[in-house]
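Contents: one structure, followed by commentary.
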Amino acid sequence: MKKDIVVPNLGGVEGSKVIELLVKPKQKIKKDMPLMTLESDKASMDIPSPFTGMVGDIKIKEGDIVAEGDVILSLSEVEEEKIEVIKDRPVEKVVSTPRSDVYASPFVRRMAFELGIDLSTVKASGSGGRVTMDDMKSFLLKSQLKVVDYSQWGKVKFEAFSKVQSASATHLIESWQTVPQVTQHHWIDITALELKRKSLDKKITMVAFVMKAMADNMLKHSAFCRGWVNPKEYASRNYIHIGIAVDTGNGLMVPVCRDVDQKDVFQLATEVKILSQKVRDGKIKVENLKGRCASVSSLGSIGGGHFTPIVSSPDSCVIGISKAVYQGVYQGDKLVKRFMLPISLSYDHRLIDGADAARFLVDLEKSLVEMPNKIGE
Ligand code: CAO
C-alpha cells in the first residue's frame with residue numbers, strides 16, 4: 001500500500017520555506033514523527049507524518065517554497081488501520097514554536113530541551129547557522145564517547161533514575177548551564193527566634209520564618225521579583241510565590257506556596273507541612289508545582305554547614321538553610337553563646353547585582369532578629 005503525504009492546512013499561511021528535511025528515503029517512520037520543518041514569517045513549524053510506514057520518493061528539497069496540498073513524499077508499507085483521508089487532516093498536528101536566538105526547528109529544540117542540551121553549545125552546519133538533526137546526532141555521539149566506562153575498574157550495574165530524579169536532572173542541567181549564578185553565605189543570630197519558636201503552642205519550623213522574612217524583603221528589594229526574559233528586558237513580577245524544596249525520598253520536588261507576603265508564619269508553617277506531605281504522597285496537583293519567583297531549600301533538620309543551592313528557572317534566587325548551631329560570638333568585648341543559623345543565598349546574576357544581594361541578606365538578618373517581637377502582632 002502506497003500513499004502520498006501532502007502539506008496540510010497551515011492555518012492561513014500561504015507559502016512556507018522548507019528549512020530542513022528530517023527523513024530520508026527507505027527510512028521507517030512512525031505516525032506523528034516530524035517529516036520536515038517549514039518556516040513562515042512568524043514561526044517555524046514541524047510537519048508530522050499522518051501515518052506509520054516507509055519513506056519512498058521525497059518530492060521536495062530544502063529551500064523549496066510549499067503550500068497546502070503539495071506532495072511531500074510517498075510512503076510505502078502504510079499500516080492499514082492508520083489510513084485516513086489526509087487532505088482533510090486537521091491543522092493542530094502542526095507543531096510550531098516562536099524563534100529564539102539559536103536557529104533550529106521545533107523538533108530539534110524539543111529534543112535538546114528533553115535531553116538537557118544547551119543548543120548554543122551544538123555546532124551548527126545548517127544554512128544561516130541553523131542547528132540541524134544531523135548536528136544533534138553528531139553532538140550526541142561525541143558526548144556518548146565521553147561517557148565513562150565504569151566497568152573497566154570493576155563490576156557495575158546500571159539502574160534507572162526515578163521519574164522525578166530524571167525530570168529534575170534535566171531541569172537542573174538546563175538551569176546550571178543557562179543561569180549565571182553567585183552564592184553568598186551568612187550567619188544569622190536566631191537565639192531569640194528559637195526561644196520564641198519553642199514557646200509557641202503551634203509547631204513552626206525555621207522554613208516558615210525564613211519564607212516570611214524572604215517575602216518581606218523581596219517586596220523591599222524589587223530586583224528579587226524579576227524574572228529573566230532576554231538581555232533587553234525582564235518581567236517584574238507583582239506576586240510573591242515561593243517554592244519549597246522537598247526531599248520526597250524518591251527525588252527532589254518543589255511545590256509552590258502562593259502569595260507568601262500575605263500570609264503569617266502560622267499559615268506558612270501549615271502550608272509547608274501540607275505541601276510537603278502532598279508531594280511525598282504523590283498527590284500534588286501540577287498547578288501547585290508552577291509559578292514560583294524564588295525558593296527555599298532546608299537541610300536544617302539533617303545537619304552540615306553552608307551549601308550552594310542551584311538557582312532553578314524561573315526563580316530569581318534560592319535560599320539554602322543549614323542546621324543552626326551554638327557558637328561563641330563577640331558582642332563588643334564579650335564572648336557570648338548564641339544560636340547561629342547558616343544561610344546561603346544563590347541568585348541569578350543577570351537579575352540581581354552582588355551589592356543588592358548583600359543588602360538583601362543584611363535586611364533578611366534584621367527581619368529574622370526582629371521577628372520574635374512581631375509574631376502574634
Ligand atoms: N537548624 C536546626 N534545626 C532545624 C533546622 C535548622 N535550620 N531546621 C529544622 N530543624 C529541626 C526542627 O527544629 C525540627 O525539630 P523539632 O521537631 O525538634 O522542632 C526538625 O528539624 C524538623 O524538620 P523537618 O524536616 O520535619 O521540617 P522543616 O520544616 O525543617 O523542613 C522540608 C521541611 C520539607 C523543607 C524538609 O523536610 C525537606 O524536605 N528538606 C530537604 C530539602 C532538600 O533536600 N533540599 C535539597 C538541597 S540541594 O538543593
Side-chain angles (χ1 to χ4, degrees), residues 161-162 164-165 167-176 179 181-183 185-214 242-257 260 263 265-284 288-289 292 294-313 315 317-327 337-348 364-365 368-369 371-372 375:
F161 282 118
S162 71
V164 173
Q165 287 166 334
S168 73
T170 306
H171 193 64
L172 283 170
I173 292 168
E174 202 213 345
S175 296
W176 185 252
V179 181
Q181 36 193 300
V182 180
T183 306
H185 303 295
H186 197 29
W187 286 101
I188 297 181
D189 186 340
I190 56 161
T191 315
L193 188 56
E194 180 67 358
L195 276 178
K196 181 78 185 187
R197 190 180 79 88
K198 287 194 165 154
S199 73
L200 297 169
D201 293 337
K202 188 174 172 347
K203 187 179 159 175
I204 301 191
T205 60
M206 202 43 68
V207 176
F209 294 120
V210 173
M211 282 168 75
K212 183 72 196 152
M214 198 173 168
I242 295 181
I244 307 148
V246 179
D247 172 24
T248 65
N250 201 16
L252 189 69
M253 288 184 82
V254 190
V256 181
C257 185
V260 175
K263 293 172 180 164
V265 286
F266 298 97
Q267 291 167 303
L268 293 175
T270 306
E271 269 203 54
V272 170
K273 206 170 159 198
I274 294 172
L275 288 171
S276 54
Q277 198 53 52
K278 275 193 180 163
V279 283
R280 284 178 179 141
D281 294 345
K283 291 189 176 148
I284 197 86
N288 293 131
L289 295 170
R292 35 175 234 266
S295 292
V296 280
S297 179
S298 174
L299 297 176
S301 66
I302 303 169
H306 288 105
F307 65 107
T308 52
I310 297 178
V311 180
S312 179
S313 165
D315 285 350
C317 70
V318 50
I319 285 188
I321 307 168
S322 304
K323 189 177 178 67
V325 286
Y326 282 100
Q327 286 187 348
K337 182 182 166 189
R338 308 297 292 176
F339 198 46
M340 303 299 289
L341 179 71
I343 285 273
S344 306
L345 169 71
S346 298
Y347 54 92
D348 184 337
L364 187 91
E365 173 180 23
L368 287 170
V369 168
M371 202 169 276
I375 292 169

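As the structure is a prediction and not an experimental result, all values here were calculated from the model. Counting starts at 1 for both ligands and their atoms, following the listed order.
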What residue and heavy atom of the protein are closest to atom 27 (O) of ligand 1, and at what distance? Thr205 CG2, 3.8 Å
When distances are taken from atom 31 (O) of ligand 1, the protein heavy atom at minimum range is Val207 CG2, 3.9 Å
Testing Thr205, Leu341, Leu299 one by one against Ile321 for a side-chain contact (heavy atoms from CB on, under 4.5 Å), which residue passes? Leu341
For Thr191 and Phe339, indicate whether the former's side chain and the latter's backbone hold a donor-acceptor pair under 3.5 Å. yes
For Ile242 and Val296, which heavy atoms make the closest approach, and how far apart are they? CG2-N, 4.2 Å
Among all protein heavy atoms in this structure, tell me which lies nearest to atom 4 (C) of ligand 1, with the distance rounded to 0.1 Å. Gly300 O, 3.4 Å
Can Thr183 and Ser346 be counted as having a side-chain donor-acceptor contact under 3.5 angstrom? yes
Pick whichever of Ser297, Ser346, Ser344 has a heavy atom sitting closest to atom 47 (C) of ligand 1. Ser297
Between the side chain of Ser298 and the main-chain N/O of Val207, is any donor-acceptor distance below 3.5 Å? no
Counting only heavy atoms from other residues, nucleotides and ligands, does the tally under 6.0 Å from NZ of Lys196 exceed 12? yes
For atom 23 (O) of ligand 1, what's the nearest protein heavy atom and its distance? Ser301 CB, 3.1 Å
Closest protein heavy atom to atom 34 (C) of ligand 1, given as residue, atom name and distance to 0.1 Å: Ser276 CB, 3.8 Å
Check this for me - ligand 1, Pro309, N or O atoms closer than 3.5 angstrom, yes or no? no
Among protein heavy atoms, which lies nearest atom 13 (O) of ligand 1, and at what distance? Arg197 NH2, 3.1 Å
Is there a heavy atom of Lys198 sitting under 4.0 angstrom from any atom of ligand 1? no
Which atom of Asp247 lies closest to which atom of Arg280, heavy atoms considered: O-NE, 3.0 Å
To which protein heavy atom is atom 2 (C) of ligand 1 closest, and what is the distance rounded to 0.1 Å? Ala324 N, 3.5 Å
Need the ligand 1 atom indices (1-based, order shown) with element for anything under 4.0 Å from a heavy-atom of Ser298. 40 (N), 41 (C), 42 (C)
Here the atoms of ligand 1 under 4.0 Å from any heavy atom belonging to Leu252 are 43 (C), 44 (O), 45 (N), 46 (C)
Please state whether Arg280 comes within less than 4.0 angstrom of ligand 1, counting heavy atoms only. yes
Is NZ or CZ of Lys337 both nearer than 6.0 Å to the six-membered ring centre of Tyr326 and within 45° of the ring axis? yes
Look only at interatomic distance and state if Lys203 has a nitrogen or oxygen under 3.5 Å from any nitrogen or oxygen of ligand 1. yes
Any Ser322 heavy atom less than 4.0 Å from ligand 1: yes
Tell me whether the count of non-hydrogen atoms from other residues, nucleotides or ligands lying under 6.0 Å of NZ in Lys283 goes above 12. no
